[in-house]
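Because the structure is predicted, anything quoted here is derived from the model rather than measured.
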Amino acid sequence: MHILIKHTIVTLSKSLIIIFFIFVSFNANAAQSVEEIIKARKALFSKNYNTAKKVQALSSGGNFDDARKLMTEMSENYKKLQGMFPENTKKGFKTESLSTIWEEKDNFNSLMDKSSKDMIELASIIQNSDDVKPILGKLMWGNCKACHSKYRAEH
């Protein structure tokens, strides 16, 4: 009987150690996926900013075909961003997102949706605009400013 108890204790101990390592490993992977999400959304916002600068230059130069392609890309990026703010990504990894994103999730998603639609509208009207600067300011840069002023920490 003594051997049976000893074997049970050893087996239970090994099981607890395995469970502990699985739990630690799971937490490390969860933190890594939070990091990946935050880095991915930062990269996507950065990409949209750099793309917006290209759109500005192309449109100002009259290269509307290339500019429209980039506007469509930006539109798709805004759609993707709506799903990149899960609850567990509020803090860490140098996120510059303010808590108002999660507190006002519907408003944030509406702004991302509006930004996406405005880029499509911009693509359809830019070539026929007499002066591209105001239309870019309204339909592209205005959305950037609205988001930064309400949902991004100052830097």
Side-chain angles (χ1 to χ4, degrees), residues 16-155:
L16 288 174
I17 290 170
I18 291 171
I19 290 170
F20 172 77
F21 282 112
I22 290 171
F23 180 73
V24 168
S25 174
F26 177 77
N27 281 341
N29 289 337
Q32 184 179 12
S33 77
V34 167
E35 179 180 16
E36 289 171 356
I37 292 168
I38 291 171
K39 286 183 177 181
R41 73 181 181 219
K42 288 174 74 171
L44 201 50
F45 275 122
S46 180
K47 181 175 174 45
N48 263 10
Y49 174 69
N50 290 324
T51 303
K53 291 191 302 187
K54 290 176 188 172
V55 165
Q56 176 92 35
L58 290 167
S59 298
S60 296
N63 189 345
F64 298 112
D65 290 337
D66 289 341
R68 274 194 288 275
K69 290 175 189 172
L70 295 176
M71 291 173 201
T72 302
E73 180 183 315
M74 288 177 68
S75 175
E76 291 302 312
N77 289 344
Y78 284 121
K79 291 176 187 177
K80 290 176 190 173
L81 283 162
Q82 290 184 41
M84 298 180 81
F85 290 87
E87 285 292 320
N88 63 339
T89 63
K90 290 180 181 180
K91 296 189 186 295
F93 306 102
K94 298 182 183 177
T95 183
E96 296 173 347
S97 302
L98 296 175
S99 62
T100 51
I101 289 176
W102 292 270
E103 294 163 5
E104 302 173 5
K105 190 70 165 204
D106 290 340
N107 291 338
F108 175 78
N109 285 340
S110 291
L111 179 58
M112 292 297 105
D113 197 40
K114 178 185 179 305
S115 299
S116 175
K117 289 176 182 173
D118 283 354
M119 292 309 297
I120 297 302
E121 181 182 352
L122 180 61
S124 70
I125 65 173
I126 189 85
Q127 187 167 354
N128 298 324
S129 182
D130 292 335
D131 186 7
V132 296
K133 191 173 182 177
I135 197 78
L136 287 169
K138 178 182 178 192
L139 295 175
M140 185 173 69
W141 296 115
N143 288 322
C144 294
K145 183 178 180 182
C147 184
H148 282 220
S149 65
K150 191 164 188 174
Y151 299 113
R152 184 178 183 194
E154 289 187 37
H155 61 279

- Any donor-acceptor pair under 3.5 Å linking the side chain of T95 with the backbone of G92?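 Such a contact is absent between T95 side chain and G92 backbone.
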- Can you check whether L136's main-chain N or O pairs, donor with acceptor, with W141's side chain at less than 3.5 Å?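 No.
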Taking [X] first and then [Y], would you say they form a salt bridge - that is, a charged N and a carboxylate O separated by under 4.0 Å?
{"X": "K42", "Y": "E96", "result": "no"}
{"X": "K79", "Y": "E76", "result": "yes"}
{"X": "D113", "Y": "K117", "result": "yes"}

Check whether any side-chain heavy atom of [X] sits under 4.5 Å from a side-chain heavy atom of [Y], and report yes or no.
{"X": "M84", "Y": "L44", "value": "yes"}
{"X": "I101", "Y": "K90", "value": "no"}
{"X": "M71", "Y": "M140", "value": "no"}

- Message: Apply side-chain hydrogen bond (donor to acceptor under 3.5 Å, both in side chains) to residues E104 and T100 and explain how you reach the verdict.
- Response: CA-CA 6 Å; E104 302 173 5; T100 51; 5.4 Å; no
- Run the side-chain hydrogen bond (donor to acceptor under 3.5 Å, both in side chains) check on N109 and D106 step by step: do they pass? CA-CA 5 Å; N109 285 340; D106 290 340; 5.1 Å; no
- Message: Whether the R41 and T89 side chains hold a donor-acceptor pair (N or O, under 3.5 Å, no angle test) is what I'd like checked.
- Response: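 On atom types as modelled, these side chains qualify, holding a pair under 3.5 Å.
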- Task: Looking only at non-hydrogen atoms, find the nearest pair between F64 and S59 and report the distance.
- Result: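 Closest approach of F64 to S59, heavy atoms only: CE2-O, 3.6 Å.
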- Which atom pair, heavy atoms only, marks the closest approach of L81 to F85?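 Heavy atoms only, the tightest pair is O-CD1, 3.3 Å.
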- Can you sort out the partners of E73 under side-chain hydrogen bond (donor to acceptor under 3.5 Å, both in side chains), two or more places apart, ordered by chain and number?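 E73: side-chain hydrogen bond (donor to acceptor under 3.5 Å, both in side chains) contacts with K47.
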- Task: Hey, could you give me the OG/CG distance between S75 and N48, rounded to the nearest 0.5 Å?
- Result: 9.5 Å
- Query: Rounded to the nearest 0.5 Å, what separation is found between the CG atom of L122 and the CD1 atom of I135?
  - Reply: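 These two atoms lie 6.5 Å from each other.
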- Message: Does atom NZ (K53) have a neighbourhood of more than 12 heavy atoms from anything else shown, all under 6.0 Å?
- Response: yes
